[in-house]
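Taking it in order: structure first as structure tokens, then the write-up.
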Amino acid sequence: MELSTQYNAKEAEKNHYKRWEESGFFTPEINNDENAETYSIVIPPPNVTGSLHMGHSLQHTIMDVLTRRKRMLGFRTLFLPGIDHAGISTQLMVTRQLKDEENKTPQDIGREAFTEKVWEWKHKYGDTILNQIRREGISVDWSREAFTMDESLSIAVRNVFVALYEEGNIYRGARIVNWCPNDKTVLSDLEVEDKEKKDGKLYYLQYPIKESEQLAVSSERRKTLTVATTRPETMLGDTAIAVNPNDKRFRDLIGKTVDLPLTNREIPIIADEYVDMEFGTGAVKITPAHDPNDYEMGLRHNLPQLNVMNLDGTMNEEAGKDFNGLDRYKARRKVVADFEELGLLEKIDDHEMVLPVCERCKTVIETLISEQWWVKMDKMRDMALELKRETDYPRFTPHNPHTKVYTDWLENLRDWTISRQLWWGHQIPAWYDEQGKVYVAKSKKEAAKQAGTSALTQEEDVLDTWFSSWLWSFSTLGWDGDTTSTKDLKKFHPTNVIVTAREIIFLWVSRMVMAALKFVDERPFDDVYITGTVLDENGLRMSKSKGNGVDPLEVFDKYGVDATRMTLAGSATGANFAWRDEKVESYRNFANKIWNATRFCLMNAEGAKVDPESIGICRKQHDSIGVIEDNCRNPHDSKWAVEDLSISNKWIISRLNKTAKDVNEALDKYAFHVAVDKLYHFFWDDFCDWYIELVKDEISDFSNDTESKDQKPKTEDQILARTRIVTILEQSLRLLHPFMPYLTEELWQKLPNTNADLHNVAYRSADATIMLADFPVGDDSLIDEKAESEMQLIFELITKIRNIRAEMQIKPSDKISVHIAANDKTQKIFTENEAQILKLARADEIILAGELDVPEASAKGVLTNGAEIAIPLEGLIDFEKERDRLQNQINK
RNA sequence: GGGCAUAUAUGUCAAUUGGUAGACAGCCUCCCUUACAAGGAGGAAGUUGGAGGUUCGAGUCCUUCUAUGCCCACCA
């Protein structure tokens, strides 16, 4: 078989995914063991508007590694894909498109036409990210693909809403909310982010104290009261001034009134502990309708809430006719100018501050009072907290940083605003009759029954996107509230692990816990693995605005999917890490190494076949009930008894089994980087650098040393040696497969005698694929510490000799003789492996003795066990030159 | 303001429960040896951010300081 000398990743990627998918390998049904233990993961649904970024690829790789391994172990696995309708960002996207293409607004075309457009858009572009995901090679079951707005998931949403409403946990109420004037919708606190404003200003405005009350005030300066504000325009909605009751400066003013400039209103001066005496002037203007703190204070003091703004960020008529219709920033400038004209502008200071902005469109948020739908979170919160306290559930990996964050957040959890003033999403199942009375029901028909009339109009608002995603762990498995038990639900819920990013802990993880406990009376998943963040090469967060993002698809093209997956898994320690192309390059090289090692084995594979028994691996198959004896002989009885093999074979078999154990153990602990590291070094160092070199002569047909007596015909021994190396290689490919699916499948298919017999017993009827091969777990009885330490000694000897050769600059072609003084045991080991030592050290002879007896002109070295070695240099090096070289080194 | 991380070779990162500080990339020397130059052999490179402490023994535990990052929070 002719293989090119370089691995072509694209070639391998082209074929296999399609075959895997079409053969049903990704579905749990491929497992024909009805009683097999299950393993399930639901993908955190990416936004329908999104495109793949490194964070996705990291998460997906991790989930796929976990899934592929479990599948190979015989578990009935389900890795379920899907996407999220992402209300705000999708609506934003389509609105923009509408503007660009037709110069229309959503309002121009109406709700129905608009949502139709979004659906069109979804069908056209929604597959983008799914196709990108396919490229990653992840083994998700596409037949179960879900979308948060699928019929069944929508029914689930409606049922959950109705249930919560009926038990009094959903209510409507006017509260102060975050409002995005651009998207014209309310936002939850979690959808608001902070933006630093370095050039902010703090305005000092003077409010005249009511004339009739000035008499009571002693000082001349007290004809006005100065307040400091960053938002002068909101003064039009002020309904009080507050000072701290302990502030001596203002004690005489409490209870007095000021004439609010630019309005005809008088407002009181009140006292409240909240006021910080140190900040500004110590007096604060209070605008209950436009600031969350002022809102709270307003409630405490029964202040009127005066709304002076429209929903688009302009001032309304309450602001007065001079301001009505003015944009908030224009209004700000006008207020300042008017104050200046009145002589009431004391000063303007520079003031760095933090502004709340819309997470999606980055518009500065308005806080205003608005009627919204809310979910009471207290009971669900308590359930989740109790579970955490009592059972440390959910268990986070890494544990330390995330556990406290989760608990703290829950403890301070407030009610959740779930309505959004959008058209894209699940429309709230509430209807109003002509009197404005509300009826919440699963359908209009049922609402009509309740109302006794069909003259009803549905609530315009839709639900927060997270109101559907919090059901994801069970809604994707068929739960819709009407149907509460399905086969999938029974088998795959709770899922085993959720793999996601830190910023999603509150938005999603915590809410999923609450939803699953509440609605299906189960935990949504066992473990939570929180990935680190992929940073750019300067250690900065990747972001669209900075343009420093690394596109996974480009990396796939350049280095191959498998190399990228290895890089990601190898970096998955739970900590953030900086992206480095060099890292991928080294795994690309690793892929090439695997390719070439296989190539070498195939060049010498005539007569050989993959046969686990040849290296003592018993085909004992495990399933969830126990051990299925399957053509299993005692490895120590077999005609290839491991005990009778050479030390180098015992050694590599030991290393293989140890590596298998390590990999399994690491993956059980989510220590992906450990697994990658073990595999990399086992394959490259142990298998390629040493084992292949050790057995090369034995398995090769040729030798360039024509005088060698070892040149053999194809004997049975040679065929067995070939069988062993091919089998070890095949086991290695299985271990590597979860990380490097394409390469390993490509090569596995080329190995001799790879067929469905190598599958885990659960998949014997499927077409041959490494995907379903039995995953090596490592056999303790094949771990041979003695062989390992003896080989270690041999390697050390060879390395030492090579070291001397390099240092003395002995030409590779020059043969040397090696004198060794060692104890009997060591001598015995070296004698038994003389041929291999001679070959790998390029030596002619080894002279073993209890003590060294060598010419003076010898290079010497000592091994860690005390054995001494010496290499006579006479005739090998030019002593004159060597002296010069050493002198030069000293000079340096 | 509170919380949580991080600081280890030139760079990016590892290092189970405290037990000889490693990998990859880069760098230096030699080698296109018939699996692989995306390779092979060898090598140099670290007072583990600073200062204390506990211990036979500390990168690891404690105290403190410094720097950086992230999250949360209502300072106008």
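Reminder, nothing fancy here: chain letters follow the sequence lines and each chain counts from 1. Because only heavy atoms are used, hydrogens play no part in the values below, and waters and symmetry mates are left out as well, while side chains stay in.
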Check if the side chain of A:Arg588 and the base of B:A38 share a donor-acceptor pair of N or O atoms closer than 3.5 Å.
yes

Does any donor-acceptor pair link the side chain of A:Lys593 with the base of B:C36 at a separation under 3.5 Å?
yes

Taking the six-membered ring for Trp, are A:His399 and A:Tyr670 closer than 6.0 Å centroid to centroid?
no

If you take the centroid of each ring, where Trp contributes its six-membered ring, are A:Phe556 and A:Tyr742 closer together than 6.0 Å?
no

For the pair A:Asp686 and A:Trp684, evaluate side-chain hydrogen bond (donor to acceptor under 3.5 Å, both in side chains) and give the outcome as yes or no after the intermediate values.
CA-CA 6 Å; A:Asp686 296 336; A:Trp684 202 311; over 6 Å; no

Are the side chains of A:Ile804 and A:Lys860 in touch, meaning some heavy atoms are under 4.5 Å apart?
no

Could you run through nucleotides 69-76 of chain B and give me one letter per nucleotide, 5' to 3': B if any protein heavy atom sits under 4.0 Å from the base, S if only the sugar-phosphate is that close, - if neither?
---S-BBB

Given [options], identify the nucleotide with an atom nearest to the side chain of [X].
{"X": "A:Ala575", "options": "B:C36, B:A14, B:G42", "result": "B:A14"}
{"X": "A:Arg842", "options": "B:C4, B:C36, B:U33", "result": "B:U33"}
{"X": "A:Glu693", "options": "B:A14, B:C36, B:A23", "result": "B:C36"}

Just the rounded figure in Å: distance from [atom2] of [N] to [atom1] of [X].
{"X": "A:Glu537", "N": "B:U12", "atom1": "CD", "atom2": "P", "value": "10 Å"}
{"X": "A:Glu585", "N": "B:A37", "atom1": "CD", "atom2": "P", "value": "15 Å"}
{"X": "A:Ile871", "N": "B:G42", "atom1": "CD1", "atom2": "P", "value": "13 Å"}
{"X": "A:Trp684", "N": "B:A35", "atom1": "CH2", "atom2": "C1'", "value": "12 Å"}

In which stems does RNA chain B show up, taking only runs of three or more Watson-Crick or G-U wobble pairs whose two distances fall under 3.5 Å?
B:1-7 with B:66-72, B:10-13 with B:22-25, B:27-31 with B:39-43, B:49-53 with B:61-65

Intermediate values then yes/no, side-chain contact (heavy atoms from CB on, under 4.5 Å), A:Phe739 and A:Asp562
CA-CA 7 Å; A:Phe739 300 89; A:Asp562 289 335; over 6 Å; no

Can you see whether A:Tyr559 has A:Lys583 sitting over its ring - NZ or CZ less than 6.0 Å from the centre and within 45° of the normal?
no

Taking only the side-chain nitrogens and oxygens of A:Thr573, find out if one of them lies under 4.0 Å from OP1 or OP2 of B:A14.
yes

Run through [options] and flag the one making a side chain to side chain contact (heavy atoms under 4.5 Å, CB included) with [X].
{"X": "A:Ile241", "options": "A:Ile270, A:Val227, A:Leu260, A:Thr226", "answer": "A:Val227"}
{"X": "A:Asn244", "options": "A:Asp276, A:Val284, A:Val275, A:Asp272", "answer": "A:Val275"}
{"X": "A:Phe577", "options": "A:Thr567, A:Leu535, A:Val534", "answer": "A:Val534"}

Would you classify A:Tyr680 as touching base, sugar-phosphate or nothing, given that sugar-phosphate means primed atoms plus P, OP1 and OP2, and contacts are heavy atoms under 4.0 Å?
sugar-phosphate

How would you label the contact of A:Thr799 with the nucleic acid (heavy atoms, under 4.0 Å): base, sugar-phosphate, or nothing?
sugar-phosphate

